[in-house]
Amino acid sequence: MDLSGKVAVVTGAGRGLGRAYAEALAAAGAAVVVNDVNAEAAGEVADAITARGGRAAVAAGPVGGSEMADRLVATAVTEFGRLDVMVTNAGILRDRVLWKMSDQDFDAVIDVHLRGTFTCARAAAVRMREQGTGGRLILISSPAGQRGNFGQTNYAAAKAGIVAMARTWAMELARANITVNAVVPVAATEMTKTIPVFAPILEEAERTGRPFPEWLRKDEGLGTVEDVAGLVVFLASDASAGVTGQAVGIGGDRLALWSHPSEKAVAYADGGWTPDAIAASWEAGVGAEPETYGIPAPKVPEA
């Protein structure tokens with residue numbers, strides 16, 4: 001993939017998945033604006049990119065509000081002359097079960113993930129439409145947004161909303177040749193290290209450099225952050241010009257297209273449905289095969 005001449009912004013790029021995205025885009029030839037709330041971390045990533053012969057600039061600060069979003073786009077234009085790719089990766093966690101989640105826990109996650117994606121994508125879309133040469137909005141979602149996850153009301157809601165925005169913006173920006181897609185990544189990060197079944201495997205791999213076992217990479221679709229970055233480079237490239245409005249999962253050895261919500265079962269009643277009629281027909285009718293929910297528990301092979 002050759003991204004020479006393209007300019008990308010990556011939010012939350014100081015470590016983990018965001019850093020992998022920024023470094024992969026730069027390795028493919030793009031100039032990258034590195035954003036992170038931690039200015040030192042963002043500077044380290046930019047320095048690493050330039051040390052390898054790439055081009056990078058830093059725009060540190062928390063995403064969420066319009067001012068930061070506008071500054072990210074302005075940095076790209078000032079430093080590199082244009083903007084072609086916006087990767088909205090920045091995020092935080094405030095995990096609590098519903099009855100213990102405070103307003104502050106909810107609002108903080110929604111502000112960074114959902115509002116931050118909105119403001120950064122809007123600022124990028126304005127610039128890309130002015131340039132008139134198309135562009136790429138790559139929005140980072142999560143399996144939690146697709147299926148729900150215990151203790152993550154705020155995070156799951158934000159990540160589900162991000163996929164919904166991708167579908168909406170794909171329609172709105174089609175005439176401007178701006179594609180919009182959501183990435184649903186699974187990778188070994190600080191968060192996945194807290195999952196008991198994964199923790200010893202990830203710690204052992206980090207300590208020894210031993211590759212992840214095949215069942216983890218294939219069955220669970222869990223690998224390194226670098227495994228995920230290839231999808232972001234593809235979606236940033238000219239090769240993905242026909243791909244828009246999609247939610248694409250990637251992790252380990254696994255690449256997947258997530259389905260959009262659709263009616264699974266339909267029934268009709270002349271004159272409409274009464275509560276009693278719904279109750280009488282539910283188990284043998286539209287409710288015969290209820291949908292599952294939650295991220296499935298890992299299936300660890302027996303030793």
Side chain proximity check, S141 to W258, heavy atoms < 4.5 angstrom: no
Do the charged groups of D238 and K6 touch, with an N to O distance under 4.0 Å? yes
Describe, in one word, how the ring planes of H113 and Y155 are oriented to each other, choosing from parallel (under 30°), tilted (30 to 60°) and perpendicular (over 60°). perpendicular
Tell me if a side-chain donor or acceptor on T244 pairs with a main-chain N or O of A170 at a distance below 3.5 Å. no
Would you call E67 and R71 a salt bridge, taking side-chain N to carboxylate O under 4.0 Å as the test? no
If hydrophobic clusters are built by linking Ile, Leu, Val, Met, Phe, Trp and Tyr wherever their side-chain heavy atoms come under 4.5 Å apart, do F118 and M171 end up in the same one? no
Let me confirm one number: the CZ-CD distance from R15 to E44, rounded to the nearest 0.5 Å. 12.0 Å
Locate the shortest heavy-atom distance separating E226 from A20; write the atom from each residue and the value. N-CB, 4.3 Å
Is there a side-chain contact between V186 and E220, using heavy atoms and a 4.5 Å cut-off? no
R55 vs E79, test: salt bridge (charged side-chain N to carboxylate O under 4.0 Å, His left out). Steps then yes/no. CA-CA 10 Å; R55 296 182 298 157; E79 295 290 332; over 6 Å; no
Would you compute the distance between atom CD of E214 and atom CZ of F212 and round it to the nearest 0.5 angstrom? 14.5 Å
Quick one: closest heavy-atom pair of V163 and A182, and the distance? CG2-CB, 4.0 Å
Heavy atoms, side chains only, cut-off 4.5 Å: are R52 and E23 in contact? yes
Distance check, rounded to the nearest 0.5 Å: L202 atom CG versus E204 atom CD? 11.0 Å
Under the side chain to side chain contact (heavy atoms under 4.5 Å, CB included) criterion, do C120 and L72 qualify, and how do the steps go? CA-CA 8 Å; C120 289; L72 292 174; 3.8 Å; yes
Can any side-chain N or O of N154 pair as donor or acceptor with the backbone N or O of V109 at less than 3.5 Å? no
Considering the options L139, V180, I138, which one meets the side-chain contact (heavy atoms from CB on, under 4.5 Å) requirement together with L235? I138
Check: A277 main-chain N/O paired with T274 side-chain donor or acceptor under 3.5 Å: yes
If we ignore hydrogens and angles and just use 3.5 Å, is the side chain of T50 paired with the main-chain N or O of D47 as donor and acceptor? yes
When rounded to the nearest 0.5 angstrom, what is the spacing between CG in L98 and CZ in F106? 10.0 Å
In terms of heavy-atom contacts, D84 and G5 come closest through OD2-O, 3.9 Å
Keeping R136 on the side-chain end and S237 on the backbone end, is there a donor-acceptor pair under 3.5 Å? yes
Could you walk me through whether Q152 and D95 satisfy the side-chain hydrogen bond (donor to acceptor under 3.5 Å, both in side chains) test, starting with their C-alpha distance in whole Å, then the side-chain angles of each, then the deciding distance to 0.1 Å, before giving a yes or no? CA-CA 5 Å; Q152 292 194 315; D95 292 357; 3.3 Å; yes
Between A125 and I178, which heavy-atom pair has the shortest distance, and what is it? O-CD1, 4.3 Å
In the structure I gave you, are the side-chain heavy atoms of S66 and R122 within less than 4.5 Å of one another anywhere? yes
Sub-4.5 Å side-chain heavy-atom contact between V126 and E130: yes
Given the rule in the side chain to side chain contact (heavy atoms under 4.5 Å, CB included) test, do R19 and V225 qualify, once you have shown the distances and angles that lead to the verdict? CA-CA 9 Å; R19 177 168 188 162; V225 293; over 6 Å; no
4.5 Å side-chain heavy-atom contact, E289 and K264: yes
Treat each ILVMFWY residue as a node, draw an edge where side-chain heavy atoms are under 4.5 Å apart, and state whether L25 and M86 are in one component. no
Minimum side-chain heavy-atom gap T153-R96 below 4.5 Å: no
Do the side chain of N35 and the main chain of G12 share a donor and acceptor less than 3.5 angstrom apart? yes
Side chain to side chain contact (heavy atoms under 4.5 Å, CB included) evaluation trace for V33 with F80: CA-CA 9 Å; V33 175; F80 305 115; 4.1 Å; yes
Following the transitive rule for hydrophobic clusters with a side-chain heavy-atom cut-off under 4.5 Å over Ile, Leu, Val, Met, Phe, Trp and Tyr, establish whether V85 and V183 coincide in one cluster. yes
Exercise: identify the closest heavy-atom pair between D36 and G14: OD1-N, 2.8 Å
Would a 4.5 Å heavy-atom cut-off, applied to side chains only, mark Y21 and V228 as touching? yes
Could you state whether L3 and I49 fall into the same hydrophobic cluster, counting links through intermediate Ile, Leu, Val, Met, Phe, Trp or Tyr residues with side-chain heavy atoms under 4.5 angstrom apart? yes
If we ignore hydrogens and angles and just use 3.5 Å, is the side chain of D227 paired with the main-chain N or O of T224 as donor and acceptor? yes
L17 vs I140, test: side chain to side chain contact (heavy atoms under 4.5 Å, CB included). Steps then yes/no. CA-CA 10 Å; L17 284 165; I140 307 304; 5.6 Å; no
Look only at the side chain of R147 and the backbone of G294, and say whether a donor-acceptor pair between them is shorter than 3.5 Å. yes
Can you tell me how far CZ of F234 sits from CG of L255, rounded to the nearest 0.5 angstrom? 9.0 Å
Would R82 and T133 count as a side-chain hydrogen bond (donor to acceptor under 3.5 Å, both in side chains) here? Give the steps. CA-CA 10 Å; R82 58 184 295 107; T133 53; 2.7 Å; yes
Would you give the length of the straight line joining atom CZ of R167 to atom NE2 of H260, rounded to the nearest 0.5 angstrom? 4.5 Å
Do the side chains of V32 and V77 join up, straight or via other hydrophobic residues, at under 4.5 Å, putting them in one cluster? no
Using atom types as modelled and distance alone, determine if a side-chain donor or acceptor of N149 lies under 3.5 Å from a backbone N or O of A144. no
Over all heavy atoms of both residues, which pair between P185 and P143 is shortest? Give the atoms and the distance, please. O-CD, 3.6 Å
Has T119 got a side-chain atom pairing as donor or acceptor with G64's backbone, closer than 3.5 angstrom? yes
